[in-house]
Amino acid sequence: MDTKDVGAASVETLIFERLADAELSSPVGDLIVGALLSDDDLAAALGPDGYTRPLARSDAASAGKPAGMYLQAVTVEGFRGIGAKASLRLQPGPGLTLVLGRNGSGKSSFAEAAELAVTGDSRRWSKNTAARTGWRNLHAAEASRIIVGLASDGQPGITTVVREWPPGAALEDAAAYVQVPGSPRQPAESLGWAVPLELYRPFLSYSELGTLTEGKPSAMYDALQAILGLDQLIDAERRLGEARKRVEDSSKAARQALPDLLDRLRGYSDERARQAEAALNGRKWDLDAVEALAVGDERPDDTIPGRLQQVAMLELPGREPVAAAVERIAEGEQQVADLAGTPAGEARRLAGLLTTALAHYADHPGLPCPVCKGRLLDESWADSAREEVARLHCKARDADAAHAERDAAVRGLRGLVPAEPAVLSGDLGREVDAAPARAAWQKWAKLAGEATTEELAADAVTRFADLASAVAQVREAASQALQRRSEAWQSAAAFLAGWAELARASQRAAVVLARVKQALTWLRENGQQVRNARLAPFAELSAQVWEMLRQESNVELGPIRLEGSSTHRRVSLDVTVDGIPGAALGVMSQGELHALGLALFLPRATTPDSPFRFLLIDDPVQSMDPAKVDGLARVLAEIASTRQVIVFTHDDRLPEAVRRLQLPATIWEVVRREGSIVELKKSDDPVTCYLDDARALARTSELPEAARAVVVAGFCRSALEAACHETIRARQLAVGVRHAEVERALTDAHTLHQVVALALFEDADRGDQVFSRIREKYGSGAASAFKAAKAGPHEAYRGNLKRFVEDTAALAASLRP
Amino acid sequence: MTPEQLLAEADRLLTTVVPGTRGCWPRACAWLIRLSLETALDQYWAQVLPAAASCGMRAQLLLLPAYASSDIAQRARQAWTGLARAAHHHAYDLAPTAAELRGWHETVSQLVADLVVPAV
């Protein structure tokens, strides 16, 4: 198993690379980038103002890669199961450490405290409100505090991460800071661990392993993605999915609001309502028209408001020009009257006759008048005739001028008032009656067209006054009608304008929706490839880990794939049971599933890029059978050659396997007294442990002599039992006996005699021969120690306790393999 | 030591930090409680049925319903089973927890009181 060449570029970088080669429009690319980064970025990319992609973060993050870190100590006070201050001390460097403690001993509190201090949030608590409120230790009167000491590879000194709560503070209200040697305190965020923690998360709890086994295939998919550090991809898909929902809703909003709008419009008699209805009828709305109706105040000529507008703007000349024109007509008429009796034609004809007579006279002077044969036409006649001709010509000219002047005055008056406008005969609605105005206009027209000059001069002023008054009335009526309509339309216009805005937004949303869908499709396809690419090296390593963990399991693990998307997403694990492929995960036992979870977790947390050189695993052994525990011990020991592996476990199976397989490990045992007093004790193999305890108690003057004898004998007996167990287990497993059978034999041997008989003779029933065999083989000291250990816990041993312990130690050493 | 003294020592280990007992007190505590129960039974048989004292614990527990009461017998059996397991080395078992010890302590305290034979 090689943990060194599993690369893990961040999801962000991988997607960005693919995006650079993708043939996507820039807005679609922006959406993908925004979705990967944050809610705010996506909102900006969705917005109308354009989006500037930030520089890739992950590049910046990986540039200043922190030195590898190892845990040096976890010190906890007043937190979870730990009351008084207790420290778990660790060797900062590669190696395996087991922290052993019964459930409730406070061992997991160390794991949780370390996780909380380093990450700022404990994964199991983020989902569990009961745990969130029960975090403070009941026996902690003072402040609660977690101090995690970290040693950076190749750097002197210890960096401490501190998280502390004043009395009464909530879990979230911790003060968190970091103390780097030689620098002042800094806020915890200054470590820049957010990205690496997300990617390499060096903490794994039993409940996290459990999520693999619970419930829906999609939940397993999500858990695996998280374990693989693909959270960012999940988040991006979720963000885009949510955005699609929002944008889709928005794109439908206008159509959904349309029936209500049409309903309202129906209530308006204004033809603008009709026009709006017409603009909204059909598949494609005429939004320009709707907006013009809502905002503008246009009134086309062929509508009632158009006509009303024209009526309201009708104009007539003033009273004065009319009066002046009438005056001129009167004057002209007077002149014509003054020239009465001498019409211009008659004067001209007479002048013509005299002119002809004068011509005749010029040819035939002195003859009598040829017309009347009377008077002789002589020079005096000729003179008076010439005079008369001139007078007659002058008279005719004057008469012509008088007539022309009067006629011009009449024309002037007629031209002063326009003809009746057609608009007055159009439909002006019920509110405006144009009839009086029209009647007045017709009367005027009749007067102007048909009356004699005298009548005109006499009546024009009065008639005009009638017309002016009628027109003023109809104009006022039209104005008021327009005003009322305008007011009534206001509310409809406001509503229409609001809807038009919604419709514009909907149309924009429809455009964005297409992009979001495209972005989502692209992200899913490419995310899938990234996932599997990301998974491949892990999967290979996982398969190797599984190979070591599976031991006696008949389940074989093929390639692991993440398949499907959204609600159909699932984990495809090619599981083969007894060589039969196609089996579901359901055939795997809880322990196998947990082992599988570990197989998937370990490669990620041991990635070379990770700044965390430590690995905290909380209770991976639960529900594993002993064979798998052997596999786990080997896997952990192998990883521990390059990593600091800290495993918390609630029973002695893993330590036993580690000891039996002679894997290097440090073992701590955690015990908790009443009052949450937690103590840690370095634990060797059980035999040494028991003997050490026996020695320690033999020296303890705090206990009465009699009580001391009882407990020392107890530990001595346990030491002998443990030595025998060790021998029996090692011997039987070496010759290929299955774990389960060995365990059964050990469980069935109840008494010390049976256990020792099993170790000495491989037969628990030969207890009666044990004592004599010990005496002859190991001497009388051993024999009396055996006897005392057997009886000791029942009746106080009266001999020398220290001597007793050493004799027991010698016997135990002889019994061990 | 009397059963009561043994229980008092056990209680001390359970509630206070006794020097020299770091980490090993839970098993020590179990043995003291167990011996307290055994001693109480010995004293009881000495008054009621002296021959029973030399029998194994299994036999004593079988005799108990007939001489004391089935209730006492049942509680004694229950405490004994737990204490016996805790007091022997068992593969993969860790030392008993404070809560378990407290439970046995209470049960045995009651039994010690119940097993006192009233003076005639």
Side-chain angles (χ1 to χ4, degrees), chain A residues 100-105 626 650-653 655-656 669-675 677 679-683 686 689-690 692-694 696-697 699-704 706-707 710-715 717-722 724-725 729 742-743 746-747 750-752 755 792-796, chain B residues 1-3 5-39 41-42 53-54 56-58 60 80-81 83-103 105:
Chain A
L100 188 54
R102 293 282 302 269
N103 290 331
S105 64
H650 75 289
D651 66 17
D652 197 42
R653 285 181 293 164
E656 186 278 326
E669 196 172 339
V670 184
V671 287
R672 189 168 78 142
R673 278 184 214 261
E674 290 187 335
I677 302 162
E679 293 170 354
L680 282 118
K681 190 177 70 128
K682 206 165 197 169
S683 162
C689 259
Y690 289 134
D692 285 351
D693 290 347
L697 287 168
R699 281 196 302 269
T700 301
S701 53
E702 292 287 319
L703 284 176
V710 171
V711 297
V712 167
F715 280 111
R717 187 177 67 181
S718 288
L720 294 179
E721 286 171 340
C724 293
H725 276 202
R729 194 178 278 120
V742 179
E743 298 313 319
L746 289 176
T747 313
H750 292 293
T751 66
L752 181 63
V755 175
H794 309 288
E795 48 199 76
Chain B
M1 290 175 87
T2 66
Q5 286 171 329
L6 288 165
L7 284 173
E9 283 306 320
D11 186 69
R12 201 154 70 89
L13 286 174
L14 197 48
T15 52
T16 53
V17 180
V18 178
T21 64
R22 184 181 184 81
C24 68
W25 59 268
R27 285 184 207 273
C29 185
W31 282 311
L32 292 174
I33 297 171
R34 197 174 83 139
L35 185 57
S36 168
L37 178 57
E38 283 181 310
T39 313
L41 278 169
D42 283 348
S54 55
M57 186 51 97
R58 189 181 288 260
Q60 292 185 31
W80 178 258
T81 314
L83 286 166
R85 182 161 180 91
H88 277 281
H89 171 77
H90 278 278
Y92 315 137
D93 273 5
L94 299 180
T97 64
E100 285 170 339
L101 289 166
R102 176 56 65 197
H105 193 276

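Lettering follows sequence order; numbering is per chain, from 1. All of these numbers come straight from a predicted model, not from anything done at the bench.
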Most heavy-atom pairs under 4.5 angstrom with chain B, which of [options]?
options                            : value
T751(A), L680(A), V755(A), V670(A) : L680(A)
A722(A), A694(A), C689(A), P686(A) : A722(A)
S105(A), S701(A), G675(A), P704(A) : P704(A)

Measuring from [X]:[atom1] to [Y]:[atom2], what's the distance to the nearest 0.5 Å?
X       : Y       : atom1 : atom2 : value
W25(B)  : I677(A) : CH2   : CD1   : 8.5 Å
E674(A) : T15(B)  : CD    : OG1   : 6.5 Å
H750(A) : R58(B)  : NE2   : CZ    : 6.5 Å

Given a strict heavy-atom distance threshold of 4.5 Å, which part of [X] is in contact with chain B: side chain, backbone, both, or neither?
X       : answer
P655(A) : neither
L703(A) : both
L720(A) : neither
D692(A) : neither
F715(A) : both
E702(A) : both

Taking every non-hydrogen atom, the tightest pair across [X] and [Y]:
X       : Y       : value
H88(B)  : S718(A) : C-OG, 4.1 Å
N103(A) : T97(B)  : O-CG2, 4.0 Å
V711(A) : A28(B)  : CG1-O, 3.3 Å

Legend entry - V17(B) and E679(A): CA distance, side-chain angles, deciding distance, side-chain contact (heavy atoms from CB on, under 4.5 Å) verdict: CA-CA 10 Å; V17(B) 180; E679(A) 293 170 354; 4.1 Å; yes
Legend entry - Donor-acceptor pair, side chain of R673(A) and main chain of L13(B), under 3.5 angstrom: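 Between the backbone of L13(B) and the side chain of R673(A) there is a qualifying donor-acceptor contact (under 3.5 Å).
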Inset, instruction - Check whether any side-chain N or O of R102(A) sits under 3.5 Å from a backbone N or O of A95(B) as a donor-acceptor pair, and report yes or no. - result: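 Yes; at least one donor-acceptor contact below 3.5 Å.
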Inset, instruction - Answer with side chain, backbone, both or neither: which region of E100(B) has an atom nearer than 4.5 Å to a non-hydrogen atom of chain A? - result: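 Interface part for E100(B): side chain.
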